[in-house]
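Before any comments, here is the structure.
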Amino acid sequence: DFVRRQVLTSRNLTRNRLGDYLFGSLATQIEHHLFPTMAENKVRMAEPIIKAFCHERSIPYHETGLFEAFREIFLHLHDAGSPLRRPGSYAGAPR
C-alpha cells in the first residue's frame, strides 16, 4: 500500500541542527514522502506520530545519521551499477 511503500523506500536523518539546516524537510524524508505539501516547519511535528503509527503496525521506520545515509546510498548505487562494470556490458560495446 501507499504508506508502507513510502516508509520502506525512504529514510530519515537522525535529528541534529546541521542536518535540519542543510536538508530542511528532506531530513525527514519519510514524512515528506507521505505528506509532500505539508509546510516545512510542521514536518518534524509529524515525525513522532508517524513513528508510533509504524511501530503499531510493525512497519520498519529507518532513521540514520548523515554519513551512514551517504554510505547506504553509495553502496546501493555501487550494487545497481555492478552489471555495467562487466566487460562489454555497456550500450556502446562492440559485438
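Values reported hereafter were calculated over all heavy atoms of this structure, with side chains retained and with hydrogens, waters and symmetry mates removed.
- A distance of 7.0 Å separates CD1 in Ile59 from CG in Leu8, rounded to the nearest 0.5 Å.
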**OP:** Could you give me the CA-CA distance, side-chain angles and deciding distance for Leu13 and Phe23, then say whether side chain to side chain contact (heavy atoms under 4.5 Å, CB included) is met?
**Re:** CA-CA 9 Å; Leu13 297 178; Phe23 298 102; 3.7 Å; yes
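- Separation of atoms CD (Gln6) and CG (Asp1) is listed at 10.0 Å; rounding is to 0.5 Å.
- Tested against Asn12, the residues His62, Gln29, Glu31 include a single side-chain hydrogen bond (donor to acceptor under 3.5 Å, both in side chains) partner, Glu31.
- Atom NE2 of His32 sits about 10.0 Å away from atom OG1 of Thr37, to the nearest 0.5 Å.
- Using a 4.5 Å heavy-atom cutoff, the side chains of Thr14 and Thr64 are not in contact.
- Taking each heavy atom of Met45 and Ile49 in turn, the nearest pair found is O-CD1, 4.0 Å.
- Classification of Glu72 and Arg11 as a salt-bridged pair holds, one side-chain N sitting under 4.0 Å from a carboxylate O.
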**OP:** Tell me, with the steps shown, if His33 and Arg5 meet side chain to side chain contact (heavy atoms under 4.5 Å, CB included).
**Re:** CA-CA 10 Å; His33 284 192; Arg5 186 173 0 133; over 6 Å; no
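- Hydrophobic clustering (ILVMFWY, side-chain heavy atoms < 4.5 Å, transitive): Phe2 and Phe35 are in one cluster.
- Leu22 and Val43 fall into different hydrophobic clusters, where Ile, Leu, Val, Met, Phe, Trp and Tyr side chains are chained together by heavy-atom contacts under 4.5 Å.
- Nearest heavy atom pair, residue Val7 against residue Tyr61, reads CG1-CA, 4.3 Å.
- In this structure, the salt bridge (Lys or Arg N to Asp or Glu O under 4.0 Å) partners of Glu68, at least two apart in sequence or on a different chain, are Arg71.
- Stacking of Arg17 on the aromatic ring of Tyr21 is not recorded, the 6.0 Å distance cut-off and the 45° axial limit not both being met.
- The structure places OG1 of Thr28 at 10.5 Å from CD1 of Ile50, a figure rounded to the nearest 0.5 Å.
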